[in-house]
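Start at 1 and go down the list; that is how both ligands and their atoms are numbered. This chain uses plain numbering: 1 for the first residue, then up along the sequence. As the structure is a computational prediction, the values presented were derived from the model and not from experiment.
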Amino acid sequence: MADAADIPESTDHPSYPMRRTCPYTLPDGYRELRERPTMGKVRLPSGRLAWAATRYEDVKAMLGDNRFSSDLRHPGYPVMMDHQVPAPEFSTSLVGMDPPEHTLARRAVAGDFTPRSARQLRPRVQEIVDEYIDRLLDGPRPADLIEAFANPVPLLLICELIGVPFGDRDFFLRISHTVMNATTPEAGVEGMAELMGYMDKLVTDKEREPTDDVIGRLVVRRGEPGVPDHRDLVAMAFMLLMAGHETPANLIGLGAMMLLDRPDLRKALIDDPSRWPAAVDELLRYFTIAEIANSRVALADVEIGGVRIAAGEGVIGLTVGANRDPERFADPDTFSLDRGDQRSLAFGYGAHQCLGQHLMRMELEVALSTLFARVPGLRLVDPVEKLRFKEEHVNYGLHALPVTW
Ligand code: HEM
């Protein structure tokens with residue numbers, strides 16, 4: 001994780017990441033970057049410089065252009081910290097791949113992440129959500145909604161997707177929690193080794209006896225173009241856990257916070273539940289919690305945003321700013337349930353656009369709509385100004401959300 005405290009002082013280029021001082025507004029510095037006549041550079045904690053694309057159209061152009069690579073090992077890739085460059089023996093699964101390798105690998109797994117798959121999973125997600133709301137209501141008051149609800153719901157869903165056997169769930173939940181919340185690098189490395197060991201065993205077990213889940217189905221199709229071998233499948237299971245757990249947990253937490261803070265929005269959604277999908281899309285845009293994922297390195301000289309990006313230079317798509325670009329979104333700092341199908345860049349854009357997005361929209365809608373329907377008296381214990389946010393993390397979210405009812 002990039003810690004903003006480690007960002008070196010720079011007199012020439014603004015430092016990145018930039019902290020959000022309020023959950024509802026852009027980080028200081030974004031507006032200034034966007035209003036420059038041409039795209040500018042930022043300095044990363046690793047000391048590397050990268051172009052910062054801040055306008056909606058520039059970010060979209062960059063992410064949609066195959067002359068930009070996602071290869072994390074490319075020497076020009078804008079890594080936050082040098083130690084984040086993956087070791088050669090570590091498979092980067094989909095996220096670090098480029099076409100044509102990426103195209104085949106993505107196609108091999110895409111069938112499990114369609115709008116239809118999301119619809120089929122909905123009843124199971126409803127059961128998981130109901131189970132954790134039952135536990136919340138049976139537990140002590142006040143409660144931390146992140147710990148009691150926002151964290152376990154997506155984690156259990158990932159268990160279902162990758163096919164973690166029922167008997168292993170407690171171990172899996174505990175070790176995943178340790179890795180995600182490691183307070184020292186040593187604890188993180190130790191937990192990661194244990195988790196990778198577990199994933200390796202999980203894939204081996206499925207190779208012996210295939211099961212009906214994302215990983216089990218890929219085992220059966222081994223040998224088809226793009227279908228991962230053992231090592232890449234272990235990396236994919238791990239990547240699905242990482243991609244599919246923290247971001248949903250963060251957005252469930254922020255979404256609950258916002259709706260608890262805004263009785264007008266809550267009332268609008270309770271009066272007309274058909275507005276939930278619009279609320280979910282707007283939450284995705286408004287908080288844009290996963291920005292650094294949109295980093296690339298240029299493989300050729302490319303002109304974007306009024307500048308020539310030279311081959312070998314890094315670019316970061318600042319989607320937090322792009323999703324508040326007034327050229328694209330009218331009154332962008334207002335949370336609106338009436339933006340129609342005007343999609344934001346919250347899930348990225350182009351070939352790497354979030355694989356889990358249909359699943360995610362459904363999960364967010366079920367989680368938040370059920371929470372507010374079943375616990376109508378839910379309220380914040382502390383005002384929003386007193387809450388602790390993950391300002392120092394790559395993905396934005398809440399550390400804790402004390403609630404009562
Ligand atoms: C609110 C929740 C989420 C947000 C904001 C989010 C955001 C993103 C973004 C911005 C990317 C693009 C990365 C890039 O361009 O390199 C991405 C990729 C990806 N996401 Fe998500 N994501 C979320 C939830 C999920 C879930 C639930 C899953 C899986 C179960 C998932 C799986 C993936 C995968 C596999 C990729 C890589 C796709 C590729 O490289 O082809 N995400 N996500």
- Message: Under the rule for salt bridge (charged side-chain N to carboxylate O under 4.0 Å, His left out), what residues qualify as partners of D341, not counting sequence neighbours?
- Response: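 With neighbours one apart ignored, the set is empty.
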Looking at [X], I want to see if its [atom1] is surrounded by more than 12 non-hydrogen atoms of other residues, nucleotides or ligands under 6.0 Å.
X	atom1	result
E209	CD	no
E190	CD	no
M192	CE	no
E327	CD	no

Please produce the table of protein N or O atoms sitting under 3.5 Å from N or O atoms belonging to ligand 1, one pair a line, distance to 0.1 Å.
residue, atom, partner, partner atom, Å
ligand 1, 15 (O), R296, NH2, 2.8
ligand 1, 16 (O), A293, O, 3.2
ligand 1, 16 (O), R296, NH1, 3.3
ligand 1, 16 (O), R296, NH2, 3.4
ligand 1, 40 (O), H352, ND1, 2.6
ligand 1, 41 (O), H102, NE2, 2.6
ligand 1, 41 (O), R106, NH1, 2.8

query: So, E291 side chain and T319 main chain: donor-acceptor pair closer than 3.5 Å or not?
result: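 Yes.
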